[in-house]
There are 2 protein chains.
Amino acid sequence: MINKQLKNSILQFATPSDETFEEFNDLLEYREINKKEFILTKGQNCKHHYFILKGCFRSFFINEKGTEKILNFGIENWWITDYDSLTNLCPTNLYIQAIENSQVLCITKENMDKALNHSLEMNRYFRIIAEKVRIADQRRMYYMFNLSGKEIYTMFCEKFPEFVQRIPLYMLASYFGLTPEFLSKIRGNG
Amino acid sequence: MINKQLKNSILQFATPSDETFEEFNDLLEYREINKKEFILTKGQNCKHHYFILKGCFRSFFINEKGTEKILNFGIENWWITDYDSLTNLCPTNLYIQAIENSQVLCITKENMDKALNHSLEMNRYFRIIAEKVRIADQRRMYYMFNLSGKEIYTMFCEKFPEFVQRIPLYMLASYFGLTPEFLSKIRGNG
DNA sequence: TGTATTTCTTAATATAGATTATTTTTCTCT
DNA sequence: AGAGAAAAATAATCTATATTAAGAAATACA
């Protein structure tokens, strides 16, 4: 039987048949990932999509100066991967790491292609997921262009309190493109 | 008959039947847009996807200080729209404007939904398009985090010379999140 | 062909946020 | 509970880029 959480995620946007659900289920693998463990590191070819059942991940790269720059967080019911490496079959620049002890369902690119080959509804689901991510990216760009460091932090605390609670401040700073010191200063000045 | 350019774009990623192509064609409208003309302005609900046959567009917003901030450019064979406003049926914050005299094929959200309702291949095409955009966004984020103003400009000139030729410098500056003055200085110092 | 508008450059000054170094607090694990 | 590690705060200094203002090229357009 397909995992209930994933089924609900899919049913938000698409209506595959029971058969399609079960076929998709057969392509998935359950994994537990410990806090700080990596599911992807620089230089590897990214092979999987990950659906987060429980826990929290971050994807980041390390710049020339050795500083971590976070591109994305992922929490329950989100998909996380490096699309660039996955679709272009090239080595990734990214690290994807568990921030908490986590549980995921993972699926290889090949199996994903299989699932997408004959199901309109699965194509619809992943199309809509990609469009949602696109919207999130656009909003993020909008914020980063439009707001000062302080405003970004304030906005984020309002809109995503669940992230602020569970993610260390220095990771949030990295996600906003700020230094932890500066974010700490912002916080101090109310 | 469906437009050749659009057909080729679709065939890159999907293989709809001739019938599906023709059905899709019936949902499209051809429009010519003059340089500086807007196809979307702040406050409107975005109603269309636009496929660019010829010309060049920019999507931007105007911040509190009255400065234009460019989120994206679009050229031949790209789709452009405000996905956020379109899918969430809310007023847009963006302007989409022709940078050159242009020709587009446009399709309403309703017609797009129709096309996507019964064609696996069209779902596949738009899924892959969304994934490509996602990758482009991620790369952009990567550059903006990792590179100085000068490095961004140099990289962009190398990777997208066709944009640098046809788009005014002050618009590129806005796209990079820099001021035109600073970009001009960068350029001057070789 | 000349005038207006748009685009680009230069230069002086200002500032948001980075860097570096130190200290304090909080978490984690035995 | 206590030691060590991880995370956060504080503060001084520095720097990349913004801002403002003026003028020079380039382009469009009448």
Side-chain angles (χ1 to χ4, degrees), chain A residues 34-38 55-56 58 60-70 73 95 97-102 143-157 163-190, chain B residues 34-38 55-56 58 60 62-70 73 95 97-102 141 143-157 163-190:
Chain A
N34 289 324
K35 184 171 174 172
K36 306 222 169 169
E37 200 180 321
F38 290 88
C56 186
R58 62 175 181 146
F60 65 99
F61 64 90
I62 298 179
N63 71 10
E64 294 140 16
K65 291 179 191 159
T67 315
E68 295 175 359
K69 299 284 186 173
I70 295 179
F73 296 112
Y95 301 81
Q97 186 188 34
I99 297 177
E100 305 169 356
N101 292 331
S102 302
Y143 292 134
M144 299 202 31
F145 266 132
N146 210 11
L147 305 181
S148 69
K150 181 166 193 164
E151 288 168 329
I152 287 181
Y153 177 65
T154 309
M155 175 281 298
F156 196 84
C157 289
F163 282 82
V164 179
Q165 280 159 26
R166 66 203 283 191
I167 294 173
L169 198 67
Y170 78 93
M171 289 192 191
L172 293 178
S174 168
Y175 181 68
F176 301 148
L178 304 173
T179 57
E181 291 83 359
F182 185 63
L183 197 57
S184 180
K185 191 160 132 191
I186 282 169
R187 233 191 193 177
N189 297 342
Chain B
N34 289 324
K35 184 171 175 173
K36 306 221 169 169
E37 199 180 323
F38 290 89
C56 185
R58 62 176 181 146
F60 65 99
I62 298 179
N63 71 8
E64 294 140 15
K65 291 178 189 157
T67 315
E68 294 174 2
K69 300 285 185 173
I70 294 179
F73 296 112
Y95 301 81
Q97 186 188 34
I99 297 176
E100 305 169 355
N101 292 331
S102 302
M141 217 91 82
Y143 293 134
M144 300 207 25
F145 266 133
N146 211 10
L147 305 180
S148 68
K150 181 165 194 164
E151 289 167 329
I152 287 181
Y153 177 66
T154 310
M155 174 282 297
F156 196 83
C157 289
F163 282 83
V164 179
Q165 280 159 24
R166 65 203 285 193
I167 294 175
L169 197 68
Y170 77 94
M171 288 192 193
L172 294 177
S174 168
Y175 180 70
F176 300 149
L178 304 173
T179 56
E181 291 83 357
F182 185 62
L183 197 56
S184 180
K185 191 161 137 191
I186 282 169
R187 229 192 197 177
N189 297 343

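Naming: A, B, ... by sequence-line order, numbering from 1 per chain.
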*In whole angstrom, what separates A:F182's CZ from D:dC14's P?*
19 Å

*asked:* Any side-chain N or O of A:K35 below 4.0 angstrom from OP1/OP2 of C:dT28?
replied: yes

*Compare side-chain N and O positions of B:T179 against OP1 and OP2 of D:dT17 and report whether any pair is under 4.0 Å apart.*
no

*asked:* Using 30° and 60° as the class boundaries, would you call the ring planes of A:F38 and A:F60 parallel, tilted or perpendicular?
replied: tilted

*Once you round it to whole Å, what is the distance between C1' of C:dC8 and OH of B:Y153?*
11 Å

*Quantify the bending of the helix from C:dT1-D:dA30 to C:dT30-D:dA1 as the angle between its end axes, each fitted on five pairs, to 10°.*
60°

*Can you tell me if the side-chain N/O atoms of A:K65 get under 4.0 Å from OP1 or OP2 in C:dT19?*
yes

*Once you round it to whole Å, what is the distance between P of D:dT17 and CG of B:L147?*
10 Å

*To the nearest Å, give me how far apart CD (A:E181) and C1' (D:dA9) are.*
9 Å

*asked:* Can you see if the side chain of A:Y170 gets near the phosphate of D:dA8 - specifically, an N or O under 4.0 Å from OP1 or OP2?
replied: no

_Can you confirm whether A:F163 sits close enough to A:M171 that some side-chain heavy atom of one is under 4.5 Å from a side-chain heavy atom of the other?_
no

*Looking for any heavy atom pair under 4.0 Å, which part of the strands does B:L183 touch: base, sugar-phosphate only, or nothing?*
nothing

*Answer whether the closest heavy-atom distance between the side chains of A:E68 and A:R58 falls below 4.5 Å.*
yes

*Closer than 4.0 Å, any side-chain N/O of A:R187 to the OP1 or OP2 of D:dA9?*
yes

*Rounded to whole angstrom units, what separation is found between the CZ atom of B:F145 and the C1' atom of C:dA18?*
15 Å

*Using atom NZ of B:K36 as one end and atom C1' of D:dC29 as the other, report the distance to the nearest whole Å.*
12 Å

*Among the candidates C:dC8, C:dG17, D:dA8, find the nucleotide nearest to the side-chain atoms of A:P168.*
D:dA8

_Just so I know, are the side chains of B:F73 and B:I99 near enough to count as touching, which here means a heavy-atom distance under 4.5 Å?_
yes

_Quick test of your reading: applying side-chain hydrogen bond (donor to acceptor under 3.5 Å, both in side chains), list the pairs with at least one residue in residues 163-182 of chain B, sequence neighbours left out, ordered by first then second residue._
B:E76-B:R166, B:E100-B:R166

*May I have the distance from B:K185 (atom NZ) to D:dA18 (atom P), rounded to whole angstrom?*
10 Å

*Please report, rounded to the nearest Å, how far the C1' atom of C:dT7 is from the CD1 atom of B:I99.*
14 Å

*Side chains of A:N63 and B:F145 in contact at under 4.5 Å (non-hydrogen atoms)*: no

*For the side chain of A:S184, counting heavy atoms from C-beta on, which of D:dA21, D:dT17, D:dA8 is nearest?*
D:dA8

*Under the side chain to side chain contact (heavy atoms under 4.5 Å, CB included) criterion, do A:R187 and A:L169 qualify, and how do the steps go?*
CA-CA 10 Å; A:R187 233 191 193 177; A:L169 198 67; 3.3 Å; yes

